Amino acid sequence: MNYEIVEIEPYSGRKARIYSIIPEGEGETLFEIFVSENVGGFKDEVKDILKRLMQIGHSTGARESFFKHEGDNKFVRKYGKYVWALYDEEERKLRLYCIRFANVAIILGSGGYKDKSVIKWQEDKKLSEEVSRVMAYAECILKQIDAGDLYWSKDAAELEGNFKNYDNE
């Protein structure tokens, strides 16, 4: 997978760093694509997500209570343990999937609409594709960390190193 990790301003702050991924050939991050796809139909929910991201970055950090773990079942590869959905209120319909590193950092992916008739993300084609994609990115990013291409700063508060993962680099 070819991609670049970018820090998302102004959401990233002293309590948590917030990043997203630009897939090769795209001009926007997965998060920007998510917002563009959903702001028309779910304006209030998108605004709530943006407020929550601001809170995570600047006030609280990426508390586990803000997320729902999406990697707890037998269908998920080992890297799924890092994949979470930003969680707000039960009646909300949007799901934003991300890679969570404790309270200090999240890498935003994409997501979509989850109909109330859908119990598990695997039952919805779009959500299943988005979770699978975020899991694939998690696998690549964790391999970059294992290889030392990406690493945590001395204070363990932010990612450093090679934010570009391209076959030719």
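Values in this document were obtained by computation on a predicted structure and should not be read as measured data. Worth knowing before you read on, the calculation uses all heavy atoms, side chains too, and leaves out hydrogens, waters and symmetry mates.
To the nearest 0.5 Å, atoms CD1 (Ile107) and CD1 (Ile5) are separated by 4.5 Å. Taken to the nearest 0.5 Å, the SG atom of Cys140 stands 11.5 Å off from the CD1 atom of Ile145. A distance of 3.5 Å separates OG1 of Thr60 from CZ of Phe66, quoted to the nearest 0.5 Å. Atom-to-atom distance recorded for Ile18:CD1 and Ile8:CD1 is 8.5 Å, nearest 0.5 angstrom. Atom-to-atom distance recorded for Arg52:CZ and Leu96:CG is 12.0 Å, nearest 0.5 angstrom. One finds the CZ atom of Arg14 at 14.5 Å from the CD atom of Glu158 (value rounded to the nearest 0.5 Å).
Remark: Gln144 engages Tyr3 in a side-chain hydrogen bond (donor to acceptor under 3.5 Å, both in side chains) (not counting sequence neighbours). Every residue two or more places apart in sequence or in another chain that forms a side-chain hydrogen bond (donor to acceptor under 3.5 Å, both in side chains) with Ser153 is listed here: Asp155. Among residues two or more places apart in sequence or in another chain, the salt bridge (Lys or Arg N to Asp or Glu O under 4.0 Å) test is passed with Glu129 by Lys125. For Val46, the side-chain contact (heavy atoms from CB on, under 4.5 Å) partners at least two apart in sequence or on another chain are Val35, Asn38, Val39, Leu50, Leu94. Under the rule for a side-chain hydrogen bond (donor to acceptor under 3.5 Å, both in side chains), the partners of Asn103 that lie at least two apart in sequence or sit in another chain are Arg100. Under the ring-ring contact (aromatic ring centres under 6.0 Å, His included) criterion, Tyr151 pairs with no residue at all, not counting sequence neighbours.
Cluster membership check: Val6 does not share its hydrophobic cluster with Ile33, using side-chain heavy-atom separations under 4.5 Å among Ile, Leu, Val, Met, Phe, Trp and Tyr. The cluster map of Ile, Leu, Val, Met, Phe, Trp and Tyr, joined by side-chain heavy atoms under 4.5 Å apart, puts Met54 and Phe31 in the same cluster. Taking hydrophobic clusters as Ile, Leu, Val, Met, Phe, Trp and Tyr residues chained together by side-chain heavy-atom distances below 4.5 Å, Val83 shares a cluster with Leu150.
Asn165 contributes a side-chain N or O that, together with a main-chain N or O of Met1, makes up a donor-acceptor pair within less than 3.5 Å.
Taking each heavy atom of Glu130 and Gly111 in turn, the nearest pair found is CG-O, 3.6 Å. Of all the heavy atoms in Ala16 and Gly61, the pair that sits closest is CB-CA, 3.9 Å. Here the closest non-hydrogen pair linking Gly112 and Phe34 is N-CE1, 3.8 Å.
Under the 30°/60° scheme for interplanar angles, the aromatic rings of Phe101 and Tyr82 are found to be tilted.
The side chain to side chain contact (heavy atoms under 4.5 Å, CB included) test with Leu108 is passed by exactly one of Leu53, Thr29, Leu86: Leu53.
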Discussion item. Would Gln55 and Lys51 count as a side chain to side chain contact (heavy atoms under 4.5 Å, CB included) here? Give the steps.
Written reply: CA-CA 6 Å; Gln55 177 186 14; Lys51 285 180 197 173; over 6 Å; no
Worksheet item: Under the side chain to side chain contact (heavy atoms under 4.5 Å, CB included) criterion, do Leu127 and Tyr97 qualify, and how do the steps go?
Response: CA-CA 9 Å; Leu127 297 180; Tyr97 299 107; 3.7 Å; yes
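Pairs engaging residues 20-39 under the salt bridge (Lys or Arg N to Asp or Glu O under 4.0 Å) rule: Glu37-Lys126 [sequence neighbours left out]. Here salt bridge (Lys or Arg N to Asp or Glu O under 4.0 Å) pairs that include residues 3-13, with residues two or more places apart or in two chains, are Glu7-Arg17.
Between Phe67 and Ile106 the shortest side-chain heavy-atom distance falls below 4.5 Å.
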